[in-house]
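If you're wondering where the values come from, they're calculated on a predicted model, not measured in any experiment. Just so you know, these numbers use all the heavy atoms, side chains as well, and skip hydrogens, waters and symmetry mates.
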Amino acid sequence: MTDLRPQRVDDPAAVVDTGALRRAVLAVSVLQDVDLDPADDGVRLRGRSGGVVLTWAALSQAVGPHPAVGEVGLTRLGTYLRLHKLVADLGSDAADLLAGRARALALPADHALHPGSGWLQEDLLGGALGLGVAVEGLLGDPDAVVPLPADVAAAAGADTRAWWPAVREHAERMGALAARRLALEPPRSPGRAVLRPVGGCDVPTLLASSVLRAHLTGQDGSGLRAVAAPMRSRGWYDLSRVDPAFVLAAWSATEPSDRGVARPLLVTADEVAPAASGGDPAGVVTSEAAAAATGRGAVHHVRR
């Protein structure tokens, strides 16, 4: 019997379940109002420029290792189809629009929205996050930032690697802005020690900024900071006041596409690494700070 279970997005031997994809495509058409025509060889998206044909194999790659008719699969497929339709409608103007809305996006490898290894532009030291190109505000929600699949960029005639230095610099500047805002917070502010998105960069992406990491890790002399970012829209960096169970609970209660990282992160000036499962990241930071202050030990960098 043919194995039609979901397989990794970058697995060239993945089996294409066209039946499930057909059901998913029809659901996206109805629920997200996407004009399309399923056919034997794939899907034709109707558009002002005559439309575009996407093969079932390409749609399977877009869904990735998720059930096509599940919540994550439908979200990924809808985003993929709508981005392709946007490019087809814009024609020769598509590359400039995508470039103008390009943003960096940091995702853990197992995130629901991660498009696969071909999307990555940079692996952040520490192993917790990978960075790639996303676009902001092009699918209805002006604040929504979604990954830009490589084949969508190619359809627009765009080279995302050429964009990357400017996109990365934007993320660095947004991290510096976040650091300045944190430095100005009153000591007893109700929102103190909370990270929020800035300029199209969500909380995990802001941690890619060396300026923000230096601010977070330079306050107590330890050179290390535990950060919880269970959702893309919020992060906490004073974990002595956060129940460790809260991080996983908040991650589980968040919509898959809006999730951040399930476990706390250990941040140094150079790295962002996942804390050990079941550990006490706030305790690690406290003990490291004490060792550094008394000269009994030195702060170590998280193993890559």
Decide yes or no on side-chain contact (heavy atoms from CB on, under 4.5 Å) for L86 and V152, but give the supporting numbers first.
CA-CA 10 Å; L86 177 70; V152 175; over 6 Å; no
Taking [X] first and then [Y], would you say they form a salt bridge - that is, a charged N and a carboxylate O separated by under 4.0 Å?
| X | Y | value |
| --- | --- | --- |
| R103 | E136 | yes |
| K85 | D35 | no |
| D40 | R22 | yes |

Quick check for you: to the nearest 0.5 Å, what is the distance between [X] atom [atom1] and [Y] atom [atom2]?
| X | Y | atom1 | atom2 | value |
| --- | --- | --- | --- | --- |
| L177 | L182 | CG | CG | 9.5 Å |
| D202 | S233 | CG | OG | 8.5 Å |
| T205 | M174 | OG1 | CE | 12.5 Å |

Does atom CG (D33) have a neighbourhood of more than 12 heavy atoms from anything else shown, all under 6.0 Å?
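Incorrect, the count does not exceed 12.
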Cluster question for you: counting only ILVMFWY and a side-chain heavy-atom cut-off of under 4.5 Å, with indirect links fine, are [X] and [Y] together?
| X | Y | value |
| --- | --- | --- |
| L90 | L45 | yes |
| V267 | V211 | no |
| V28 | W56 | yes |
| L124 | W119 | no |
| V146 | L77 | yes |

Do [X] and [Y] have side chains that get closer than 4.5 Å, going by heavy atoms?
| X | Y | value |
| --- | --- | --- |
| L129 | P108 | yes |
| R263 | L248 | no |
| L107 | P204 | no |
| S210 | E172 | yes |
| R181 | V198 | yes |
| R101 | L138 | yes |
| L105 | L131 | no |
| L195 | W236 | no |

Are a donor atom and an acceptor atom from the side chains of D238 and S240 found within less than 3.5 Å of each other?
yes
Quick one: does [X]'s side chain have a donor or acceptor within less than 3.5 Å of a partner on [Y]'s backbone?
| X | Y | result |
| --- | --- | --- |
| R76 | A62 | yes |
| R213 | L207 | yes |
| T55 | G42 | no |
| R259 | P230 | no |
| T79 | T75 | yes |
| R225 | T217 | no |
| R44 | L36 | no |
| R46 | V34 | no |
| R196 | R234 | no |
| R180 | G175 | no |

Measure across [X] and [Y] and return the closest heavy-atom pair with its distance rounded to 0.1 Å.
| X | Y | answer |
| --- | --- | --- |
| Y237 | V194 | CE2-N, 3.8 Å |
| A27 | L74 | CB-CD2, 4.0 Å |
| G127 | P274 | C-CD, 4.4 Å |
| P264 | L239 | CB-CD1, 4.1 Å |
| A153 | L148 | CB-CD2, 4.0 Å |
| V69 | A20 | CG1-O, 3.7 Å |

Chi angles and distances behind the side-chain contact (heavy atoms from CB on, under 4.5 Å) call for L139, L83:
CA-CA 8 Å; L139 299 180; L83 284 172; 4.1 Å; yes
Verify side-chain contact (heavy atoms from CB on, under 4.5 Å) between R232 and L113, making sure each step is shown before the conclusion.
CA-CA 12 Å; R232 294 171 60 192; L113 296 183; 3.6 Å; yes
Given V63 and Y80, is the side-chain contact (heavy atoms from CB on, under 4.5 Å) satisfied, shown in steps?
CA-CA 9 Å; V63 170; Y80 181 75; over 6 Å; no
